[in-house]
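Counting convention: from 1, in listed order, for ligands and their atoms alike.
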Amino acid sequence: MPKKPTARRIALAADHGGRRLKDLLRDYLRQRGEQVEDLGTDGDESVDYPDFAARLARRIEDGKCTLGILVCGTGIGMSISANRFLAVRAALCTSAFTARMARAHNDANVLCLGERVTGPGEALDILEAFLQTPFEGGRHARRLRKISALTAGGRPKP
Ligand code: RB5
């Protein structure tokens with residue numbers, strides 16, 4: 001079980017394909033007054049997205065961060081990698097609508113974006129929708145418990 005952090009703290013990470021969008025979102029969040037932790041990557045050198053997804057997932061697992069943002073070229077590699085960690089519910093979002101649903105119905109705690117898919121203006125709209133939407137609970141909470149029961153308590157993912 002992830003430990004509960006005291007205040008909202010947002011981690012960001014990216015590979016070389018998502019680094020520019022990650023930096024833009026980081027600066028936006030700081031201006032918004034959020035507590036932000038930038039886990040890299042910081043340059044243009046080619047790096048492997050699973051390393052950065054794992055780095056961020058561990059911050060969620062440890063309770064050091066409440067939310068995460070992962071960016072790669074498409075967002076796909078990051079979402080596949082992050083969702084291997086049981087404390088993570090990562091959602092690859094391409095619109096404000098999918099971001100709202102990811103929070104309201106899936107209680108997503110990690111937002112994945114693709115820098116080669118989503119432009120900066122739309123990415124900021126998606127981020128705002130993700131930050132502002134509360135989880136609805138109820139039947140959606142039951143379904144999330146079912147995911148845990150079928151994975152953590154049942155057979156591990158191969
Ligand atoms: C890197 O070229 C690219 O494969 C990566 O950023 C991501 O899109 C993978 O899913």
Salt bridge present between K22 and D27 (N-O < 4.0 angstrom): no
Could you pull out the N/O contacts under 3.5 angstrom between ligand 1 and the surrounding protein atoms?
residue	atom	partner	partner atom	Å
ligand 1	2 (O)	R116	NH1	3.4
ligand 1	6 (O)	D15	OD1	3.4
ligand 1	6 (O)	D15	OD2	2.6
ligand 1	6 (O)	G73	N	2.8
ligand 1	8 (O)	G73	N	3.3
ligand 1	8 (O)	T74	N	3.0
ligand 1	8 (O)	T74	OG1	3.2
ligand 1	10 (O)	T74	OG1	3.4
ligand 1	10 (O)	G77	N	2.9

Basic-acidic side-chain contact under 4.0 Å: D44, R19: yes
Which atom names give the shortest non-hydrogen contact between L21 and E115, and what distance separates them? N-OE1, 2.9 Å
Can you list everything that forms a side chain to side chain contact (heavy atoms under 4.5 Å, CB included) with L92? Sequence neighbours excluded, please. I76, S79, C112
In a check of side chain to side chain contact (heavy atoms under 4.5 Å, CB included) between L70 and each of L113, V110, L111, which one passes? V110
Return the CG to NE2 distance between D48 and H16, rounded to the nearest 0.5 Å. 8.5 Å
